[in-house]
Amino acid sequence: IDLYHRNDLVEGRFAPTGQPVDLAAISVPVLNIFATGDHIVPPPCSRALGRFLAPHKYTELALPTGHVGTFISARSQTRLAPAITDWLRRTDHTGAI
C-alpha cells in the first residue's frame, strides 16, 4: 500500500531488498508495457515511470486492452510477444541496475 499511497518508489523509500530503489540509477533499457483501457493501473500512472528514467533507455508499449487482457486477450497476443521480441533484438542491453 505504501508503494502507491505514499508514492514510495518515486520518493526513494521503496526498498524490497533492504536498499531503496533509485530510479535515476537504472542504466539498463526499460520496456514499459501497459493497457490503454486499464482501470486498475490507469495509463497515466504507468506512463509516469518515463519521467524518472533516461529517455534513450525508456520505451513504452501501449496495448488496446484492459488490465488482465494485456497478457491474455487474443488482440494483445498478436502484438505482445512480437513487440517484446522486436524490442529485445534492437535494444542494447548493456548496463547495470
Side-chain angles (χ1 to χ4, degrees):
I1 288 182
D2 290 342
L3 182 61
Y4 61 91
H5 277 187
R6 295 185 336 164
N7 213 11
D8 282 358
L9 181 61
V10 171
E11 298 294 330
R13 294 186 298 255
F14 182 61
T17 62
Q19 180 155 349
V21 173
D22 179 3
L23 292 174
I26 295 175
S27 60
V28 295
V30 173
L31 175 61
N32 183 10
I33 302 168
F34 62 91
T36 58
D38 195 331
H39 66 284
I40 297 171
V41 182
C45 294
S46 293
R47 298 186 78 221
L49 177 63
R51 293 194 313 256
F52 300 96
L53 302 175
H56 65 283
K57 295 284 186 177
Y58 179 79
T59 304
E60 290 183 350
L61 173 57
L63 296 173
T65 186
H67 186 81
V68 174
T70 302
F71 294 98
I72 64 169
S73 74
R75 184 186 319 169
S76 70
Q77 288 308 303
T78 61
R79 294 185 58 195
L80 183 60
I84 292 172
T85 301
D86 179 58
W87 180 81
L88 288 169
R89 284 188 179 136
R90 62 183 165 76
T91 302
D92 175 11
H93 302 287
T94 59
I97 294 179

Working to the nearest 0.5 Å, report the span between CG of Leu80 and CD1 of Ile72.
-> 12.0 Å
Could you pull out the closest heavy-atom pair between Pro43 and Ala35, with the gap in Å?
-> CG-O, 3.4 Å
Glu11, CD atom: more than 12 neighbouring heavy atoms under 6.0 Å = yes
Would you confirm whether Asn32, through its side chain, and Ser46, through its main-chain N or O, come within 3.5 Å as a donor-acceptor pair?
-> yes
Say you draw a straight line from OG1 of Thr36 to CZ of Arg47; how long is it, rounded to the nearest 0.5 Å?
-> 11.0 Å
Is there side-chain contact between Tyr58 and Leu49, with at least one heavy-atom pair below 4.5 Å?
-> yes
Here the gap from Asp8 atom CG to Phe14 atom CZ, rounded to the nearest 0.5 Å, amounts to 8.5 Å
So CD1 of Ile33 and CZ of Arg79: to nearest 0.5 Å the spacing works out to 11.0 Å
Any donor-acceptor pair under 3.5 Å linking the side chain of Arg13 with the backbone of Arg6?
-> yes
Drop me the distance from Asp38's CG to Leu63's CG, to the nearest 0.5 angstrom.
-> 10.5 Å
Could you state whether Val41 and Leu9 fall into the same hydrophobic cluster, counting links through intermediate Ile, Leu, Val, Met, Phe, Trp or Tyr residues with side-chain heavy atoms under 4.5 angstrom apart?
-> no
Distance col, row Gln77:CD vs Thr70:OG1, nearest 0.5 angstrom, shows 10.0 Å
Do Leu61 and Phe34 share a hydrophobic cluster (ILVMFWY, side-chain heavy atoms under 4.5 Å, transitive)?
-> no
